[in-house]
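Structure first, then comments.
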2 protein chains.
Amino acid sequence: MSAKDGNTLDRILDTAESLMQTRGYNAFSFRDLAKIIEIKPASVHYYFQNKGDLGKALVMRYSKRFETARDCLDRLNVTSAEKLDRYVDLLSDGFQLKGRMCLCGVLAAEASTLPSDVVEEVRTFFVANETWLATLLESGRQSGDLRFEGAAIEAAQSLFAALEGALMSAWTFSSNARLNAAGKWLVASLKT
Amino acid sequence: MSAKDGNTLDRILDTAESLMQTRGYNAFSFRDLAKIIEIKPASVHYYFQNKGDLGKALVMRYSKRFETARDCLDRLNVTSAEKLDRYVDLLSDGFQLKGRMCLCGVLAAEASTLPSDVVEEVRTFFVANETWLATLLESGRQSGDLRFEGAAIEAAQSLFAALEGALMSAWTFSSNARLNAAGKWLVASLKT
DNA sequence: GTCTATAAGATGATAGAC
DNA sequence: GTCTATCATCTTATAGAC
């Protein structure tokens, strides 16, 4: 480590994550990143040979954090409807607390311009969330505190996409109110 | 006009629209555009002084087309529920028929990196669609063929964001099936 | 209207010194 | 590990000839 505190790798990851969440993949550069953490662009290449490697690492780390958070929700002793509310909060937190888009939401929009292994990780993030939501929804339907028609996986895919859309709309208008309203509206239609 | 048929301005607009819908704002350049229509980048600057001007013109043209299409829907002699189905088709068409994202959906994700007048036009597109949807939803609620809780404008904002999210998810997975399923699922919860 | 020429700066990377 | 130096290439323009 040379500048500031902490190790360089973590500082690269944290700063790059913030940049990608706010600017997307194509509008951020190693230079921007290096400038902020006060190292040289070449030093970033020591940790990540190229931009795609960094992107992939960021999405994987982001995905793992969400997996951990979903695991925490699983251990809560509350109704499915309550878990769903908390899950919406989880997805919303990055925007509400830090003014950032969902990392995988921004990257999804840029999908066709990303290195293929980065898109693959983004898809993995989507699928992991959809799968978890499908289980939650089905479980809520069984216990009677959630209601929806058709296959749980289709409901889950639709709901997750809708939540990402709500984030994108809130992002475009810089509006917490929009995100809150949309989140509540989407969940309300699932409650019995 | 010099190359191919038609006038250069229209060819610039059509090609740039396609590029922006598939790559977004930051991953397309005047060079890419000029190469496709076989003119020089400098010639593009004759029509649009800078990239932001082109972006703004594209969003305005896109918005107008949607306005016209919504007007057509308004003149149909069908139920609100049926109009809603057709509106979902309208939003889906660009993806289903041409494999493109919604122009304003991609740009929304890049909002923080766009020239301010481009973001403004994107917001205008959102608001126009939300406003139209709010009227449709309220009208459907009155006539009894649509059902939802709360203010129509909030439902409309949530629904529009959800549809844009469905497009983004379909875009990420290159999947018509995802878009169809999500569209139907969202609308189904509104039908009585 | 379209071109050539050109500019200043950004970008993604690499080689090799320290 | 971090740096300097350097790279080829791209990007967003502008000036001015044709």
Side-chain angles (χ1 to χ4, degrees), chain A residues 1-20 22-59 106-107 110-119 121, chain B residues 1-20 22-59 106-107 110 112-119:
Chain A
M1 56 181 172
S2 84
K4 298 282 170 63
D5 59 337
N7 87 3
T8 303
L9 178 60
D10 287 343
R11 298 179 62 230
I12 289 174
L13 287 169
D14 292 343
T15 306
E17 182 178 67
S18 171
L19 283 172
M20 265 201 207
T22 50
R23 300 190 196 169
Y25 186 89
N26 293 302
F28 110 97
S29 69
F30 272 32
R31 212 194 202 187
D32 301 326
L33 171 57
K35 194 163 203 173
I36 293 172
I37 58 185
E38 293 173 289
I39 58 174
K40 298 295 159 182
S43 302
V44 181
H45 283 283
Y46 171 78
Y47 295 94
F48 301 97
Q49 263 209 336
N50 56 55
K51 200 180 176 183
D53 287 348
L54 173 56
K56 186 180 172 183
L58 286 175
V59 177
V106 221
L107 296 187
E110 293 177 295
S112 70
T113 70
L114 302 178
S116 60
D117 54 346
V118 177
V119 196
E121 289 301 330
Chain B
M1 55 178 174
S2 84
K4 296 283 170 62
D5 59 336
N7 87 1
T8 304
L9 177 59
D10 286 342
R11 298 180 62 228
I12 289 173
L13 287 169
D14 291 341
T15 307
E17 182 178 66
S18 172
L19 283 172
M20 266 202 206
T22 51
R23 299 190 196 169
Y25 186 89
N26 292 304
F28 109 97
S29 69
F30 272 33
R31 211 198 202 183
D32 302 325
L33 171 57
K35 194 164 203 172
I36 294 173
I37 57 185
E38 293 172 290
I39 57 173
K40 299 293 159 184
S43 302
V44 181
H45 283 282
Y46 170 77
Y47 295 93
F48 299 97
Q49 263 211 335
N50 57 55
K51 200 180 174 182
D53 287 347
L54 172 55
K56 187 180 172 183
L58 286 176
V59 177
V106 221
L107 296 186
E110 293 177 295
S112 71
T113 71
L114 302 178
S116 60
D117 53 346
V118 177
V119 196

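Numbered from 1 within each chain, the chains take letters A, B, ... in sequence-line order.
Panel note: side chain A/Glu110, backbone A/Gly24; no donor-acceptor pair is recorded below 3.5 Å. Judged purely by atom type and a 3.5 angstrom limit, A/Thr22 uses its side chain to pair as donor or acceptor with the backbone of A/Leu19.
Counting only heavy atoms from C-beta on, A/Thr8 has its side chain closest to D/dT2 among D/dT2, C/dC3, D/dT4.
Distance B/Tyr47 OH to C/dT2 C1': 8 Å, rounded to the nearest Å. Rounded to whole Å, the distance from CD1 on B/Ile12 to P on C/dG1 is 12 Å. Taking atom CD of A/Glu38 as the reference point, atom P of D/dC3 lies 10 Å away to the nearest angstrom. Atom-to-atom, CZ of B/Phe48 to P of C/dG1 comes out at 13 Å; the value is rounded to the nearest Å. In this structure, B/Ile39 places its CD1 atom 13 Å from P of C/dG1, rounding to the nearest Å.
Regarding contacts with the backbone of D/dC3, a side-chain N or O of A/Ser43 is found under 4.0 angstrom from either OP1 or OP2. Within the structure, every side-chain polar atom (N or O) of A/Tyr46 is placed at least 4.0 Å from both OP1 and OP2 of D/dT2.
One finds the CZ atom of B/Arg11 at 10.0 Å from the CG atom of B/Leu33 (value rounded to the nearest 0.5 Å).
Legend: residues meeting salt bridge (Lys or Arg N to Asp or Glu O under 4.0 Å) with B/Asp14, ordered by chain and number and at least two apart, are B/Arg61. Residues meeting the salt bridge (Lys or Arg N to Asp or Glu O under 4.0 Å) test with A/Glu121, sequence neighbours left out: none.
Using a 30° and 60° split on the angle between ring planes, A/Tyr25 and A/Phe28 fall in the perpendicular class, above 60°.
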(message) Counting primed atoms plus P, OP1 and OP2 as sugar-phosphate and everything else as base, spell out the protein contacts along nucleotides 9-18 of chain C at 4.0 Å heavy-atom distance: B, S or - for each nucleotide, 5' to 3'.
(response) -SSSBB----
